[in-house]
Amino acid sequence: MADGGLFARWPVIRQLRGQDGRGQAARSARTDALRPRVEEADSVARSVCPYCAVGCGQLVYVKDGKVSQIEGDPDSPISRGRLCPKGSASKQLVTHAGRQTTVLYRRPYGTEWEPLDLGTAMEMIADRVTRTRRDTWQQEHEGKVVRRTLGIAGLGGATLDNEENYLMKKLYTALGAIQVENQARI
Ligand code: SF4
């Protein structure tokens with residue numbers, strides 16, 4: 001029987017020899033030329049996926065001051081390097097061409113969105129927060145000092161990351177708001 005015959009065609013032998021379509025048999029010059037996407041990153045930062053309550057660990061790679069890749073963090077005891085499709089695509093939160101990058105405002109009873117420059121929008125928000133806090137401030141409630149406002153509440157979105165939520169909680173607490181919640185619950 002040619003070339004070892006039946007023994008040579010035995011799958012275990014073919015796998016050991018790299019002839020079964022895997023290992024060396026599946027490699028090509030292009031395979032050998034492929035490089036990891038993160039190889040040229042300038043730095044990497046640890047973060048947490050903002051999408052859901054699992055809180056998978058992420059490695060955020062940066063090149064030339066921009067996010068170049070986001071991958072699972074093998075050192076995370078929560079996810080051990082894994083990300084679901086949403087977490088794997090979270091780079092698009094900062095890079096996708098379809099992201100909304102300008103302020104849109106719909107005035108009370110308005111039916112259309114109006115573009116606003118960022119400075120104007122920030123002034124409007126600051127005015128409303130200041131006015132609401134002043135008008136709804138409670139120094140005491142039922143004989144107890146509470147120093148709070150029930151006129152301001154915070155509801156974070158799922159795509160806010162850990163660090164953003166931390167800063168927002170500090171701001172709301174400083175304002176005296178006690179109704180602070182986040183959809184992600186990380
Ligand atoms: S969305 Fe996916 S990757 Fe992100 S925390 Fe949840 S399970 Fe993990």
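Whatever order the structure lists ligands and atoms in, that order sets their numbers, starting from 1. The analysis underlying the following values was restricted to heavy atoms, covering all of them including side chains, and did not include hydrogens, waters or symmetry mates. We number each residue from 1, following the sequence as shown.
- Atom 8 (Fe) of ligand 1 has an N, O or S atom of Cys56 inside 2.8 Å of it.
- Look at Cys49 and atom 4 (Fe) of ligand 1: an N/O/S atom of the residue is under 2.8 Å from the metal.
- The ligand atoms of ligand 1 that sit less than 4.0 angstrom from a heavy atom of Tyr51 are 1 (S).
- In the vicinity of Gly87, heavy-atom distances shorter than 4.0 Å reach the ligand 1 atoms 3 (S).
- Side-chain contact between Arg148 and His141 is present, with heavy atoms from C-beta onward closer than 4.5 Å.
- Arg9 places a side-chain heavy atom less than 4.5 Å from the side chain of Leu6.
- Contact of the Val145 side chain with the Arg147 side chain is registered, since non-hydrogen atoms from C-beta on lie closer than 4.5 Å.
- Within the structure, ligand 1 has Gly55 among the residues with a heavy atom less than 4.0 angstrom away.
- Atom 6 (Fe) of ligand 1 has no N, O or S atom of Cys84 inside 2.8 Å of it.
- Side-chain heavy atoms closer than 4.5 Å link hydrophobic residues (I, L, V, M, F, W, Y) into clusters, and following such links, even through other members, never connects Leu167 to Tyr172.
- Both the sub-6.0 Å distance and the 45° axial angle are not jointly satisfied by Arg134 relative to the ring of Trp137.
- The contact set between ligand 1 and Leu83, taken as ligand atoms under 4.0 Å from a residue heavy atom, comprises 3 (S).
- A donor-acceptor contact closer than 3.5 angstrom links the side chains of Thr120 and Asp117.
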